[in-house]
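To start, the structure itself, in structure tokens.
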Amino acid sequence: MAITRAETYVIPFGPAHPGSGNFRVWLTVDGERVIEARADPGFLHRGFEKLMEYRTLLQASVLTDRIAVFEPLNWNLVFALAAEKLQGIEVPERAKYIRVLLAELTRIQSHLLWFGAAGIAMGFDTVFKVALTYREEILRVFEEATGGRVYPTGYIRPGGVRWDLPEGFLERAEGVLRHIEYHLSDLNDLFFENPSFVARTKGLAVLSPEEGIRLGASGPALRASGVPYDVRADDPYLVYDRLEFQVITRREGDALARFLVGRDEVLESVKIGIQAIRDMPEGEHAVKVGPFAKVKEGEAYVHIEAARGDAGCYIVGTGGRTPYRVKFRGPSFTLLIPVLEHLLQGVEIADVPVVYWSLNHCPADMDR
Amino acid sequence: MVTEISKLLEPFAPREEGNAVWVREPLEEAPRIWQELRELGYDYLAAISGVDWPNRGVIELVYHLWSLQEKSFVHLKVEVPRDQPRLPSACHIWGGSAAVNEREVHEMFGVEFQDNPDLSPLFLEDWEGPPPFRKDFDWRAYVREKYYCEDREEDRGYYKG
């Protein structure tokens with residue numbers, strides 16, 4: 001929209017706003033109302049896709065940690081799956097179950113961090129503390145398994161996982177899952193069913209299913225608009241076709257629906273995690289992939305359901321020691337640019353952080 | 001593969017792989033095939049990947065198209081000449097998702113998309129060099145020139161080999 005009146009002016013939201021993360025969106029406002037939003041990404045552009053053209057598969061696997069701060073293991077996983085598909089590697093059963101368990105734990109901690117960060121952005125500071133207390137339990141479990149609390153340094157790597165789970169890990173992981181399942185309802189009174197939260201989110205920034213698909217939304221943001229697109233169910237990878245879970249959808253498509261989908265997904269992830277622990281077979285945790293294994297000639301595309309949506313990896317090999325080209329599809333790329341620009345039109349300035357955080361995004365996987 | 005899709009893609013020798021089809025289409029046919037695929041249910045443009053092939057003199061674009069109905073992929077490839085990389089935009093078919101993916105490919109590979117209303121820089125700030133994801137962009141030389149100095153003791157390591 002062209003700026004015609006003296007009352008319209010342009011203000012930035014981010015990159016230093018406490019609720020913005022490493023991302024900026026320029027808002028053209030008329031009084032308190034946003035009439036146009038323009039995303040300005042790039043604060044976290046590290047050029048991973050190019051860097052991986054100069055690294056072997058195992059080196060690149062360690063780099064994938066940093067694609068998203070919220071969920072490094074999921075990015076390890078999508079890269080490992082793509083590399084295995086290209087190389088024709090069959091992963092042992094045990095590794096598949098370990099991956100499912102860790103992927104679901106990652107989803108839960110990512111969702112908890114999402115609720116916490118949204119809480120901070122909207123003035124519910126207690127939610128941040130409660131959500132991060134439970135996330136902490138998962139981080140401890142991660143440290144035990146991978147050696148790192150947040151960054152696993154490529155624990156899920158081409159060929160399987162880096163090393164087997166420590167003794168007694170499954171019992172402890174199950175304990176954490178049960179604990180979170182029991183205590184998630186703590187957040188209901190504080191957050192999801194809190195009248196002031198509902199008043200701020202209900203009916204806000206409605207995304208229609210058609211627009212969601214056209215703008216490339218995925219994950220909870222799209223499922224909250226009634227599109228039951230979940231890669232785990234629609235294009236099963238690892239052992240998801242043997243596990244029982246529900247794809248959570250809602251019809252409203254507003255900010256509240258997106259948060260509620262996220263809440264219910266945590267419980268589904270707990271269910272999947274417990275099934276993975278119950279069915280975990282004995283055996284090898286990985287097949288050997290040499291550090292200087294040649295990348296085969298060919299190409300592969302793999303996608304998984306990361307916590308924030310459809311995460312994809314396209315890999316091309318030409319027989320060299322390093323991949324010829326690696327491309328990542330970050331779910332936040334479309335969530336934060338076209339979807340956010342669309343949803344911010346017409347909202348009040350005070351609602352900008354609410355809309356922004358309702359999308360369950362991560363600026364890091366947008367910029368890559 | 002559903003019959004209509006196989007009929008549509010048959011002339012271009014598709015390769016089937018599980019629930020995905022890989023196919024390379026000629027540039028002139030691209031807009032027609034996009035439109036028909038969209039009508040056959042490939043409504044979700046997951047991504048557009050650019051791959052630079054200097055030895056063949058082309059930039060290859062891969063459109064990763066997902067069908068929410070059929071639950072299958074069509075990976076549609078189209079090649080544009082490297083010295084004049086230009087092709088029609090797919091914005092009017094896949095909307096905002098195509099627009100932003102084209103904007104990224106434009107920035108990283110220098111491909112022009114006709115009729116895309118917004119190809120302004122996305123991630124890079126004040127970038128004046130060549131499109132950085134092209135194979136002939138020597139980022140090591142760029143970094144040496146831009147950020148280091150050969151005469152400085154602590155930078156000398158960057159100039160070996």
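Throughout, a chain's letter reflects where its sequence line sits, starting with A, and its residues are numbered from 1.
- For B:R15, the part lying near chain A is the side chain, with the backbone staying farther off; criterion is any non-hydrogen pair under 4.5 Å.
- Contact of A:I213 with chain B is made through backbone and side chain together, with heavy-atom distances under 4.5 Å.
- In summary, the aromatic rings of B:F73 and A:H303 are positioned with their centroids under 6.0 Å apart.
- For A:R38, the part lying under 4.5 angstrom from a heavy atom of chain B is the side chain only.
- Between the side chain of A:R214 and the backbone N or O of B:W94 there is no donor-acceptor pair closer than 3.5 Å.
- Listed options B:H75, B:M108, B:E17, B:H64 were ranked by heavy-atom pairs under 4.5 angstrom with chain A; first place goes to B:H64.
- When the candidates B:I93, B:I48, B:N101, B:L45 are compared by the number of heavy-atom contacts under 4.5 Å with chain A, B:N101 comes out ahead.
- Taking a cutoff of 4.0 Å between a charged side-chain nitrogen and a carboxylate oxygen, A:R368 and B:E104 qualify as a salt bridge.
- Listed here is the closest heavy atom pair of A:K50 and B:P132: NZ-O, 3.2 Å.
- Ranked by non-hydrogen atom pairs under 4.5 Å with chain A, the options B:S49, B:S72, B:A99 are led by B:S49.
- A:S218 and B:Y44 make their closest contact through CB-OH, 3.2 Å (heavy atoms, listed as atom of the first residue, atom of the second, distance).
- A cation-pi geometry, defined here as NZ or CZ lying under 6.0 Å from the six-membered ring centre and within 45° of its normal, does not hold between B:K71 and A:Y229.
- Residue with the most contacts toward chain A among B:G18, B:A98, B:G50: B:G50 (heavy-atom pairs, distance under 4.5 Å).
- The distance between the ring centers of B:F123 and A:F43 does not fall below 6.0 angstrom.
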Report the C-alpha distance between A:E299 and B:K77 in whole Å, list the side-chain angles of each, state the deciding distance to 0.1 Å, and finish with yes or no for salt bridge (charged side-chain N to carboxylate O under 4.0 Å, His left out). CA-CA 12 Å; A:E299 61 198 336; B:K77 295 179 173 184; 2.7 Å; yes

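- For an aromatic pair to be called close, the ring centres must be under 6.0 Å apart, and A:Y301 with B:W22 fails this.
- Summarising the geometry of A:V227 relative to B:L68, their closest heavy-atom pair is CG1-CD1, 4.2 Å, with the distance given to 0.1 Å.
- For the pair A:D235/B:W66, a side-chain contact is recorded, criterion being any heavy-atom separation below 4.5 Å from C-beta on.
- For A:L215 against B:S97, the heavy-atom pair with the smallest separation is C-CB, 3.7 Å.
- The CG atom of B:L122 sits 9.0 Å away from the CG atom of A:D40 when rounded to the nearest 0.5 Å.
- A:Y54 and B:W139 form a side-chain donor-acceptor contact under 3.5 Å, judged by distance and modelled atom types alone.
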